[in-house]
Number of protein chains: 2
Amino acid sequence: MANFQKGKVDIVAVAKAAKVSPSTVSRTFNHPDLVNPATRKKINRAIQRLGYIRNRAAQTMHGKRSGTIGLVVPTINHAIFAEVIQAFSDSIDRDGFSLLLASHGYDLDREYAMVRKLLEHRVDGVALVGLEHSEATARLIEQQKTPALAIWNYAEDSTLPCVGADNRLAGRLAAEHLLNLGHRNIGLIFPKTDGNDRAQHRLSAVHEALSKMGVSVPDEHESEAPYSVSQAKQAAITLLTKRSRPTGLLCGNDVIAQGALFAAQNLGLKVPDNLSIIGIGDFKGSSDIEPGLTTVRIPAEAIGKLAGERFTDYITSDEPAPFRICCELECVVRGTTSPASNS
Amino acid sequence: MANFQKGKVDIVAVAKAAKVSPSTVSRTFNHPDLVNPATRKKINRAIQRLGYIRNRAAQTMHGKRSGTIGLVVPTINHAIFAEVIQAFSDSIDRDGFSLLLASHGYDLDREYAMVRKLLEHRVDGVALVGLEHSEATARLIEQQKTPALAIWNYAEDSTLPCVGADNRLAGRLAAEHLLNLGHRNIGLIFPKTDGNDRAQHRLSAVHEALSKMGVSVPDEHESEAPYSVSQAKQAAITLLTKRSRPTGLLCGNDVIAQGALFAAQNLGLKVPDNLSIIGIGDFKGSSDIEPGLTTVRIPAEAIGKLAGERFTDYITSDEPAPFRICCELECVVRGTTSPASNS
DNA sequence: AATAGTATTGCAAATGTTTTCATAAATTCG
DNA sequence: CGAATTTATGAAAACATTTGCAATACTATT
């Protein structure tokens, strides 16, 4: 009953208390089957009594896995990513891993810095959002031989293993929905596309789908807004008060779509009668607003969960096989779109 | 040019490449002023050339700080916490710390498990949300002498250092706003209060404020809903279709208030003419919906930022002084509340 | 030119584990 | 009952750093 509180409780203190060697204590943790049940009990009691907590750092140093996985996202504070992070976190937690989280605010240089930082902590793997990353980041990952994963995007030719959705398809589906409803006069609100391949893919696919039907978007109907409800609302108000008004609005994601919806309500426009709005994402909440938002559903939770599962498998496997998983998209039709009034 | 790629680059490899001793390399990182600028340059070149990345695990083992801070939240996937997490993360990042994030889904036993897990990683400190935690958790923190911090709640008598807001005050402010507008027939929608002291404090303060004015809430006007827009919407619809309908609805937070607003719109009730709604929180987005949500603003971002700053100070300080910081609340009046129609 | 001081570097011990190898004890088998 | 296994444990080396101490080289002072 000497140094119980001292916080200096290590494996040898436990060993001493249980009158065994440190090796045996270690084994009790790592290969319980190799130690006599009786001694095991003794040791566990000692652990209990001393309040011993294993030191992952020491294990890590020994070449064992650190038990941490790094996740680098553009931003935490977005329905989109919060959902993925949650699912990813829960998923890897189930396999005993802890989450080292970092965000870079859509700045690929900061992303590099974050990855580096995580590498210093010897994460067992690092997951990034999207497939577009700086040369330096790619080199770093390559050189350190750290297992890496791209989340959120899918591409059949991605260099990194990936779990995500095909954003081009998402864009196309959204465009086709509006086209099928007869809309030909379509407005676009998207975020900046540099350093954001998701947005870029969606946008280019939208343009493609539209022009395939002979529809082109006049400059004044194409607007840029960040993923912020209030800023998107502003942008939408500007767009909707131009001389000519589109009958359909295709938004880069649900946050923007929500902003657009509020803008319309604010301007006294009836949605969907005077204006159809479609988003991309189907975030938590998109189904709840009035009217429910029509959108292309990207299964964030499924992606996060799946990514976590597959990544821990990948990391713990002896001879890991790269993988690319494409999650299903679907156009969820709710209350913000209706056939174009044939004027 | 032998084992550049081998990933086996450690401090001694660097030392060899720079023709100095490992100690000197170590010093270049930790006490640059103690090493000759010329050697420093040599060493830096070697580091560069070999792509060496420091091993935090080895440092940690040496008693140095691990450079990680643990944050345990009820859930990541909520506007409320996402905002705090983001601010906290940015804040500690500025001081070179990394974030180990875990969530427990409002389960205090899981919270304990998460804290334990973080302790295994030898976090330099652990931040928890709220002031209500299990005995075991408290004991763990106490025993390990790990710096700990309570975020989000403020209490003048908290055992842990804390940075947050006074939730009782928040509840009172919300109640008083409705009372001042003349409402006497008030409905309440709150989440379950066990394991959630924020909600509990708010609710009890609301009741107090109301009864001080002689207002009591009939059972059928008091409803329970989790922090989910859709479920809150359901609960609100149920509540608002009872025989007697309140003129004012006070919601446990903005998510619930948003649900209530949608419910009202869904039922064809005019807000605020037929029904006033007030939330608590002022989450991102609350100002954007139509009409803008009246709410008691809890400065999540400020709390996260401040918490991060103060906590890193606390951790790095030689003789840390406990602190308790109470962040300002304010009632933000927007479009969902108006004077009670004096019937 | 000898002395004292200072600046720079290296040596070696220490940090908390895991694991290989060796040893001892217990069990099985012919 | 002795030999051959099997089971259970311990000793010691290894992991990648940091740091106190000692040694060396250099500078300034007299």
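We name chains A, B, ... by the order of the sequence lines, and we start the count at 1 in each one. Quick caveat, the model's predicted, so the values are computed rather than measured.
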Self-check item: Pair of N/O donor and acceptor under 3.5 Å linking dG16(C) base with Arg56(A) side chain
Solution: no
Quiz item: Nearest to the side chain of His62(B), which nucleotide is it out of dT18(D), dG10(D), dT9(C)?
Solution: dT18(D)
Quiz item: Of the nucleotides dG10(D), dT9(C), dT19(C), which has the atom closest to the Val20(A) side chain?
Solution: dG10(D)
Quiz item: Taking atom C1' of dA16(D) as reference, at what distance in whole Å does atom CD of Glu120(A) sit?
Solution: 14 Å
Practice problem: Indicate yes or no for a side-chain donor-acceptor contact from Thr316(A) to the backbone of Thr312(A) under 3.5 Å, with no hydrogens or angles considered. | Solution: yes
Quiz item: What distance do Thr28(A) atom OG1 and Leu34(A) atom CG have between them, rounded to the nearest 0.5 Å?
Solution: 10.0 Å
Quiz item: What integer distance in Å separates Gln59(A):CD from dA16(D):C1'?
Solution: 16 Å
Quiz item: Lys64(B) has an atom NZ; how far is it from atom P of dA16(D), in whole Å?
Solution: 18 Å
Self-check item: Among dG16(C), dT18(C), dT9(C), the nucleotide that comes nearest once only the side chain of Lys8(A) is considered
Solution: dG16(C)
Self-check item: Out of dC15(D), dT9(C), dA8(D), whichever nucleotide has its closest atom nearest the side chain of Met61(A)
Solution: dC15(D)
Self-check item: Between CG on residue Asn55(B) and CE on residue Met61(A), distance to nearest 0.5 Å
Solution: 7.5 Å
Quiz prompt | Any donor-acceptor N/O pair, His121(B) side chain to Val123(B) backbone, under 3.5 Å | solution = no
Quiz item: What's the NZ-P distance between Lys19(A) and dG10(D), to the nearest Å?
Solution: 12 Å
Quiz item: What is the nucleic acid contact for Thr60(B), judged by heavy atoms within less than 4.0 Å: base, sugar-phosphate only, or nothing?
Solution: nothing
Practice problem: Measure from NZ on Lys16(B) to C1' on dA16(D) and round the result to the nearest Å. | Solution: 14 Å
Quiz item: Over how many whole Å does the gap from Arg27(B) atom CZ to dT9(C) atom P extend?
Solution: 8 Å
Quiz prompt | Between dT17(C) (P) and Arg65(A) (CZ): distance, integer Å | solution = 19 Å
Quiz item: Within 45° of the axis and under 6.0 Å from the centre of the six-membered ring of Tyr154(B), does NZ or CZ of Arg324(B) qualify?
Solution: no
Self-check item: Nucleotide nearest His31(A) when distance is taken to its side chain, options dT17(C), dT8(C), dT19(C)
Solution: dT19(C)
Quiz item: Out of dA14(C), dT17(C), dT9(D), which nucleotide sits closest to the side chain of Asp10(A)?
Solution: dT17(C)
Quiz item: Checking all strands, does Phe29(A) fall into the base, sugar-phosphate, or nothing category for heavy-atom contacts under 4.0 angstrom?
Solution: nothing
Quiz prompt | Comparing Ser23(A) and Pro37(A) on DNA chain D - which has the more 5′ nearest nucleotide | solution = Pro37(A)
Quiz item: So which nucleotide from dG10(C), dT19(C), dT19(D) ends up closest to the side chain of Asn30(A)?
Solution: dT19(C)
Quiz prompt | Short side-chain N/O contact from Thr24(B) to OP1 or OP2 of dG10(C), under 4.0 Å | solution = yes
Quiz item: For Ala58(B) and Ser21(B), take the nucleotide of DNA chain C holding the closest heavy atom to each; which residue's nucleotide lies nearer the 5' end?
Solution: Ser21(B)
Quiz item: Where the side chain of Thr137(B) meets the backbone of His133(B), is there a donor-acceptor pair that is under 3.5 Å apart?
Solution: no
Quiz item: What integer distance in Å separates Lys41(A):NZ from dT9(D):P?
Solution: 14 Å
Practice problem: Please tell me which of the listed nucleotides, dT15(C), dT17(C), dG10(D), lies nearest to the side chain of Ile11(A)? | Solution: dT17(C)
